[in-house]
Visitor: 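I have a structure here, written as structure tokens, and I will follow up with some questions on it.
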Number of protein chains: 2
Amino acid sequence: MVETKRIRVSETLDEVDRILVAGLQADSRTTNSRLANAAGIAESTCVSRVRSLISRGIVTGFTAMVDPKSIGLGLQALISVNIRAGARTHIPAFRDSIRVMPRVVQVFFLGGSEDFIIHLSARDTDDVRDFVLENLSANPAVASTRTSMVFEHFYNGVAPE
Amino acid sequence: MVETKRIRVSETLDEVDRILVAGLQADSRTTNSRLANAAGIAESTCVSRVRSLISRGIVTGFTAMVDPKSIGLGLQALISVNIRAGARTHIPAFRDSIRVMPRVVQVFFLGGSEDFIIHLSARDTDDVRDFVLENLSANPAVASTRTSMVFEHFYNGVAPE
DNA sequence: AATGAAACATAACAGGC
DNA sequence: GCCTGTTATGTTTCATT
């Protein structure tokens, strides 16, 4: 007999969890005591709540935001990439290779008229051109690319309901 | 006599700074002692180095990454927006209003054939449609929108050179 | 699950090198 | 920038509800 496993894809967050998630998103280096205070729970409870959020996969990590301009990466671009119709089987391999290319901040894998959008953070326009030529145009699976300059970029995070 | 001010837009990071930035990006909740250890510097030095990175605007904040699926936002979309040629003066106001709309994870303001790209995290397709109709199509400044579904999304962060 | 208080660990600070 | 001692702060554990 074959059993079917139901994978839980959505957890319900209670009010306390929502406060903790929001607090950690606003400042992941806030102290446990402040978090506990904001949520109106005991510090010990707060520790186990936060651990639970992590182990349930709701909070997946903690990171520092870095201003690219301040480290010599003064230019950001979005690059749309289309894969050749006959080369669609190469998409998974190409995807994995893009992810780890230097200067790649994030990658979106899309359904629709474009296959990927790459968010690049570069030194200057030459740097962008080099990236496109060496990493994209040189690949025979790539049908076309389109580069747009990013004037401004805002990141809000994922707001819990 | 008029003096020209040179604005510093780029700081050079030494090897220690690079290790600290990378360490904080990998896990912003790591302890000061571990960071110091990784960088091979004293803990007291590490504290002042990290503060300096923050005050110089290199590290702009610390955040928690949240899995949208796990909180009921099972669908992500990128929405390209074009503003009407006659309504370009409304771009700044529109930009500010987009930033704070619910479900908006990030926004890119572009030069090129598109004016904005909005990264949305939504409950389902109805949720996406509601967003587009209520927040975009309803705005007379919006000429057109194009919605692509996001199959996968990777975030690497900004790698210091 | 949540709590409070004790025990423990970490970070911040100051003074001297 | 580093070290050390000291204080302040934050975290964890555990018995209890």
Side-chain angles (χ1 to χ4, degrees), chain A residues 5-67 70-72 157-161, chain B residues 8 10-73 157 159-161:
Chain A
K5 270 210 185 124
R6 183 171 291 275
I7 298 165
R8 172 173 295 280
V9 291
S10 173
E11 301 260 355
T12 24
L13 298 190
D14 64 16
E15 184 56 20
V16 167
D17 283 335
R18 262 177 266 132
I19 293 171
L20 298 180
V21 168
L24 288 170
Q25 268 193 321
D27 176 13
S28 60
R29 277 171 80 85
T30 190
T31 64
N32 183 63
S33 22
R34 264 199 291 249
L35 258 190
N37 210 34
I41 56 177
E43 300 183 358
S44 47
T45 310
C46 192
V47 170
S48 48
R49 283 279 195 152
V50 170
R51 284 193 186 141
S52 162
L53 287 169
I54 297 167
S55 71
R56 284 188 283 164
I58 293 164
V59 170
T60 58
F62 302 99
T63 192
M65 289 172 289
V66 175
D67 176 23
S70 74
I71 57 171
V158 178
E161 314 268 324
Chain B
R8 172 173 293 282
S10 173
E11 302 262 353
T12 24
L13 298 190
D14 65 15
E15 183 57 20
V16 168
D17 284 334
R18 261 176 267 131
I19 293 171
L20 298 181
V21 169
L24 288 170
Q25 268 194 320
D27 175 14
S28 60
R29 279 170 76 88
T30 189
T31 64
N32 182 62
S33 26
R34 263 199 294 248
L35 259 189
N37 209 36
I41 57 176
E43 299 184 3
S44 50
T45 311
C46 191
V47 172
S48 47
R49 285 278 196 152
V50 171
R51 283 191 187 145
S52 162
L53 287 168
I54 296 167
S55 71
R56 284 187 284 160
I58 293 165
V59 171
T60 58
F62 302 100
T63 191
M65 289 173 288
V66 175
D67 177 23
K69 270 204 298 292
S70 75
I71 56 169
L73 300 172
E161 315 267 321

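The sequence lines fix the lettering, A, B, ..., with proteins before strands; numbering per chain opens at 1.
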Visitor: Kindly say whether Ala64(B) contributes a backbone atom to a donor-acceptor pair with the side chain of Ser28(A) at under 3.5 angstrom?
Guide: no
Visitor: Of all of residues 46-55 of chain B, which get a heavy atom below 4.0 angstrom from DNA chain C, listed by number?
Guide: Val47(B), Arg51(B)
Visitor: Return the minimal non-hydrogen interatomic distance between Ser70(B) and Gly57(A), and the atom names on each side.
Guide: OG-O, 3.8 Å
Visitor: Taking Asn32(A)'s backbone N and O only, do any of them form a donor-acceptor pair with Glu43(A)'s side chain (distance below 3.5 Å, no angle check)?
Guide: no
Visitor: Output, in order, the C-alpha distance, side-chain angles, deciding distance and verdict of side-chain contact (heavy atoms from CB on, under 4.5 Å) for Gln25(B) and Val59(B).
Guide: CA-CA 9 Å; Gln25(B) 268 194 320; Val59(B) 171; over 6 Å; no
Visitor: Do the side chains of Leu13(B) and Leu53(B) get nearer than 4.5 Å, heavy atoms only?
Guide: yes
Visitor: Could you state the interatomic distance from CG (Asp17(B)) to CG (Leu20(B)), rounded to the nearest 0.5 Å?
Guide: 6.0 Å
Visitor: List the atom of Phe62(A), the atom of Met65(B), and the distance in Å for their closest heavy-atom pair.
Guide: N-CE, 3.9 Å
Visitor: What does the inter-axis angle of the helix from dA1(C)-dT17(D) to dC17(C)-dG1(D) come out as, five pairs per end, nearest 10 degrees?
Guide: 30°
Visitor: Could you check whether any side-chain N or O of Thr30(B) sits under 3.5 Å from a backbone N or O of Asp27(B), counting only pairs where one atom can act as donor and the other as acceptor?
Guide: no
Visitor: Kindly indicate whether the side chain of Ile71(B), heavy atoms from C-beta on, has any atom under 4.5 Å from the side chain of Arg18(A).
Guide: no
Visitor: Please list residues of residues 33-45 of chain B whose heavy atoms come under 4.0 Å from any atom in DNA chain D, ordered by number; otherwise none.
Guide: Ile41(B), Ala42(B), Ser44(B), Thr45(B)
Visitor: For a side-chain contact (heavy atoms from CB on, under 4.5 Å) check, start with the C-alpha distance between Arg49(A) and Ile19(A), then their side-chain angles and the critical distance, and finish with the verdict.
Guide: CA-CA 11 Å; Arg49(A) 283 279 195 152; Ile19(A) 293 171; over 6 Å; no
Visitor: When the distance from CG of Asn32(A) to C1' of dA2(C) is rounded to whole Å, what number comes out?
Guide: 14 Å
Visitor: On DNA chain D, nearest-nucleotide positions of Asp14(B) versus Arg29(B): which is more 5'?
Guide: Asp14(B)
